[in-house]
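Let me begin by presenting the structure, written as structure tokens, before commenting on it.
The analysis underlying the following values was restricted to heavy atoms, covering all of them including side chains, and did not include hydrogens, waters or symmetry mates.
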Amino acid sequence: MKRLATYLSLLAMAVGILAFQCQSTEMTTAKLAIKQKNIPKAIEALKKEIKKNPKSDEGYFLLGKIYGDQGKYDEMVKNFEQSLKVSNKFADQISKLKLYHWAQNFNKGVKYFNKGSQAGKQEDA
């Protein structure tokens, strides 16, 4: 019984190591750069990943996410659409991110509207 448990744990570790190593160096570099908040390096690595592997749904997703954070919504949407063309793996997260950025911009617009309407009232007084 102990041997079986040992073999199973070794097998699980081997599968985990192999699964981790399946990622390309570009994707690993991009994820590390994102964690380190080195966004230009992450964008560069993701662009290399997409060029090397046009079926990288995660590459398109992460690139779209970065562009959304930078306020480059056209680029965000293009990359999200490419990710969805490859697979629906990130469909739920893409939907939530699009809604988040829409709400943020809507709220920003409301603030500007309120500020503008207050400016008109102050001039009248």
Side-chain angles (χ1 to χ4, degrees):
M1 189 67 169
K2 284 186 177 182
R3 280 189 177 174
L4 179 62
T6 303
Y7 288 131
L8 287 176
S9 63
L10 286 174
L11 179 64
M13 287 188 332
V15 168
I17 290 170
L18 289 174
F20 179 73
Q21 290 180 346
C22 288
Q23 264 187 348
S24 70
T25 56
E26 289 84 6
M27 186 60 74
T28 305
T29 301
K31 287 182 177 182
L32 182 61
I34 290 169
K35 283 183 182 179
Q36 294 175 344
K37 307 266 190 248
N38 188 349
I39 302 306
K41 186 175 181 179
I43 291 172
E44 180 184 334
L46 288 168
K47 285 182 177 181
K48 285 181 185 176
E49 166 67 16
I50 290 167
K51 188 174 183 179
K52 185 176 174 182
N53 180 13
K55 297 287 184 186
S56 177
D57 54 352
E58 187 175 18
Y60 286 114
F61 168 72
L62 290 174
L63 194 55
K65 187 175 177 184
I66 289 171
Y67 283 138
D69 291 341
Q70 292 180 337
K72 298 178 181 178
Y73 302 115
D74 289 337
E75 294 296 318
M76 176 190 78
V77 170
K78 287 177 190 174
N79 282 284
F80 282 169
E81 287 174 355
Q82 284 298 117
S83 178
L84 292 173
K85 284 181 184 176
V86 175
S87 79
N88 286 332
K89 182 178 176 183
F90 298 99
D92 188 47
Q93 292 174 11
I94 288 171
S95 177
K96 287 177 183 176
L97 283 169
K98 283 182 175 180
L99 184 61
Y100 168 78
H101 286 293
W102 179 88
Q104 291 294 103
N105 284 300
F106 181 83
N107 289 336
K108 200 181 293 183
V110 169
K111 285 181 187 177
Y112 286 130
F113 175 80
N114 288 337
K115 193 174 181 180
S117 65
Q118 293 298 322
K121 288 180 183 177
Q122 290 174 355
E123 289 176 5
D124 292 339

Quiz item: Salt bridge check: are Glu81 and Lys85 linked by an N-O gap of less than 4.0 Å?
Solution: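 No, no charged N to carboxylate O under 4.0 Å.
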Enumerate donor-acceptor pairs with a distance under 3.5 Å from any side-chain N or O in residues 68-76 to protein atoms, sequence neighbours excluded.
residue : atom : partner : partner atom : Å
Tyr73   : OH   : Asn105  : ND2          : 3.1

Quiz item: Which atoms form the tightest heavy-atom contact between Ala42 and Ile66, and what is the distance?
Solution: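 Closest approach of Ala42 to Ile66: CB-CD1, 4.0 Å.
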Quiz item: Are the side chain of Ser95 and the backbone of Asp92 linked by a donor-acceptor contact shorter than 3.5 Å?
Solution: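 No.
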Quiz item: Under 3.5 Å, side chain of Ser83 to main-chain N/O of Asn79, donor-acceptor pair present?
Solution: no
Please determine whether residues [X] and [Y] belong to a single hydrophobic cluster, defined as Ile, Leu, Val, Met, Phe, Trp and Tyr linked transitively by side-chain heavy-atom distances below 4.5 Å.
| X | Y | answer |
| --- | --- | --- |
| Tyr100 | Ile94 | no |
| Trp102 | Val110 | yes |
| Ile39 | Leu46 | yes |

Practice problem: Go through the structure and list residues passing side chain to side chain donor-acceptor pair (under 3.5 Å) with Lys52, not counting sequence neighbours. | Solution: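 Only Glu26 meet the side chain to side chain donor-acceptor pair (under 3.5 Å) criterion with Lys52.
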In residues 55-63, what donor-acceptor pairs under 3.5 Å come from side-chain atoms, sequence neighbours left out?
residue : atom : partner : partner atom : Å
Ser56   : OG   : Glu49   : OE2          : 3.1
Ser56   : OG   : Gly59   : N            : 3.1
Asp57   : OD2  : Ser87   : OG           : 2.5
Glu58   : OE2  : Lys31   : NZ           : 2.9

Self-check item: Atom pair CZ/CZ of Phe113 and Phe106 - distance to nearest 0.5 Å
Solution: 10.5 Å
Self-check item: Within 6.0 angstrom of Lys41 NZ, more than 12 heavy atoms from elsewhere
Solution: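 Count not over threshold, so no.
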Practice problem: Indicate yes or no: at least one non-hydrogen side-chain atom of Tyr67 is less than 4.5 angstrom from one of Val77. | Solution: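 Result no, sub-4.5 Å side-chain heavy-atom pair not found.
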